[in-house]
Amino acid sequence: MKIATWNVNSLRIRLRHVQEWLKLNSIDVLCLQELKLSDEKFPIDELANSGYNAYFTGQKTYNGVAILINQKSIGQATDVIHNLPNFQDDQKRLIAVTVAGIRIVCGYFPNGQSLESEKFIYKMKWLNAITYWLFEEMKKYPRLALLGDYNIAPEDRDVHDPQKWEGQNLVSPQERKAFSRLENLGLHDAFRLFKQPEKTFSWWDYRMNAFRRNAGMRIDHILLSQALTEVCIDCKVDRTPRTWEKPSDHAPVITTLKYF
DNA sequence: ATGGCATGCAGGGCATGA
């Protein structure tokens with residue numbers, strides 16, 4: 001079973017990319033972030049034509065998340081929830097479903113903007129809320145995967161230039177501590193279960209030829225509960241779609257689970 | 001060195017991203 005996450009930075013612009021990427025990779029479950037469209041504009045039929053059922057919660061212009069389920073290999077999802085039940089929020093940043101006995105949580109974590117920003121306070125509150133919610137959710141669903149754009153680079157090796165970024169938004173000690181708290185729930189970074197090429201990133205700024213210089217960060221992650229970690233046999237970033245015309249600034253991350 | 005590039009909304013620049 002292959003589960004993936006991808007911040008597409010507008011599903012309207014990137015629909016063809018998503019369809020092409022799904023065609024090239026036999027993905028069972030794909031989590032999407034930054035749809036940037038309202039629910040009535042969600043391309044349900046186009047994705048159904050690609051063989052995927054969609055579960056989504058969106059809004060105009062900003063945010064929006066979806067989970068695509070392979071119709072042939074999986075079929076339907078159950079127990080769908082939109083947004084964190086313990087956090088009052090107008091921004092559409094979270095969706096969770098159950099497929100094949102696995103709880104799939106898709107999150108678009110707040111960016112934070114800068115440590116001095118009100119948005120950073122919101123980010124830390126959101127991180128606190130998801131952590132408390134997951135503590136309960138993992139009791140209900142021992143097989144749980146948390147996928148998405150975390151907007152946190154967990155370690156210096158996840159940053160192209162750690163000195164330049166030291167202490168800033170995306171890498172600050174507060175954010176990294178919040179990431180550790182998620183791990184302390186019993187979640188494991190699937191990417192770090194395996195030997196990886198150095199300087200592997202999942203996001204590159206559109207500006208300054210950042211992708212060509214590999215001036216990126218690893219901020220998109222897949223965390224797995226213990227039960228899923230035991231059957232995880234691969235995790236990698238696929239840089240390919242970042243090389244296509246008009247790409248998203250993020251690349252997808254894929255993990256493979258045995259026995260499902 | 002706070003720009004650079006992309007997107008949405010709106011039909012011109014501004015907000016936002018990371």
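Below, chain A is the first sequence line, B the second, and so on; all start at residue 1. The figures here come from the full heavy-atom set of this structure, side chains too, leaving out hydrogens, waters and symmetry mates.
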Distance between [atom1] atoms of [N] and [M] (Å, rounded):
| N | M | atom1 | result |
| --- | --- | --- | --- |
| dG17(B) | dG12(B) | P | 26 Å |
| dA15(B) | dG3(B) | P | 13 Å |
| dC9(B) | dG4(B) | C1' | 22 Å |
| dA1(B) | dG13(B) | C1' | 24 Å |
| dG8(B) | dA18(B) | P | 14 Å |
| dT16(B) | dA10(B) | P | 15 Å |

Please work out if [X] contacts a base, only the sugar-phosphate, or nothing of the nucleic acid, heavy-atom cut-off 4.0 Å.
| X | answer |
| --- | --- |
| Phe211(A) | nothing |
| Asn209(A) | nothing |
| Asp205(A) | nothing |
| Leu37(A) | nothing |
| Asp220(A) | nothing |
| Glu34(A) | sugar-phosphate |

Provide the start and end nucleotides, 5' to 3', of the part of DNA chain B that has atoms under 4.0 Å from heavy atoms of chain A.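 Answer, 5' to 3': dG4(B) to dA18(B).
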
What residues form a salt bridge (charged side-chain N to carboxylate O under 4.0 Å, His left out) with Arg207(A), not counting sequence neighbours?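 Residues passing salt bridge (charged side-chain N to carboxylate O under 4.0 Å, His left out) with Arg207(A): Asp205(A).
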
Test side chain to side chain donor-acceptor pair (under 3.5 Å) on Asp238(A) and Trp21(A) and set out the steps. CA-CA 10 Å; Asp238(A) 182 8; Trp21(A) 190 73; 2.7 Å; yes

Is it true that atom CZ of Phe135(A) has more than 12 heavy atoms of other residues, nucleotides or ligands lying nearer than 6.0 Å? no

Quick one, Asp149(A) with Arg93(A), criterion side chain to side chain contact (heavy atoms under 4.5 Å, CB included). Give me CA distance, side-chain angles, the key distance, then yes/no. CA-CA 10 Å; Asp149(A) 175 359; Arg93(A) 295 184 174 277; over 6 Å; no

Any pair with a residue in residues 32-69 of chain A that passes ring pair (Phe, Tyr, Trp, His ring centres under 6.0 Å), sequence neighbours left out, goes on the list, sorted by first then second residue, please.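 Checked against ring pair (Phe, Tyr, Trp, His ring centres under 6.0 Å) - neighbours excluded - the pairs reaching residues 32-69 of chain A are Phe42(A)-Phe56(A).
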
For a side chain to side chain contact (heavy atoms under 4.5 Å, CB included) check, start with the C-alpha distance between Arg143(A) and Val231(A), then their side-chain angles and the critical distance, and finish with the verdict. CA-CA 10 Å; Arg143(A) 292 190 293 213; Val231(A) 294; over 6 Å; no

Want to settle it: does Tyr206(A) or Gln113(A) sit nearer the 5' end of DNA chain B, counting the closest nucleotide to each?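 Its nucleotide being nearer the 5' end, the pick is Tyr206(A).
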
Nearest heavy atom decides the nucleotide; on that basis, is Trp165(A) or Asn9(A) closer to the 5' end of DNA chain B? Asn9(A)

Is Asp189(A) salt-bridged to Arg218(A), cutoff N-O under 4.0 Å? yes

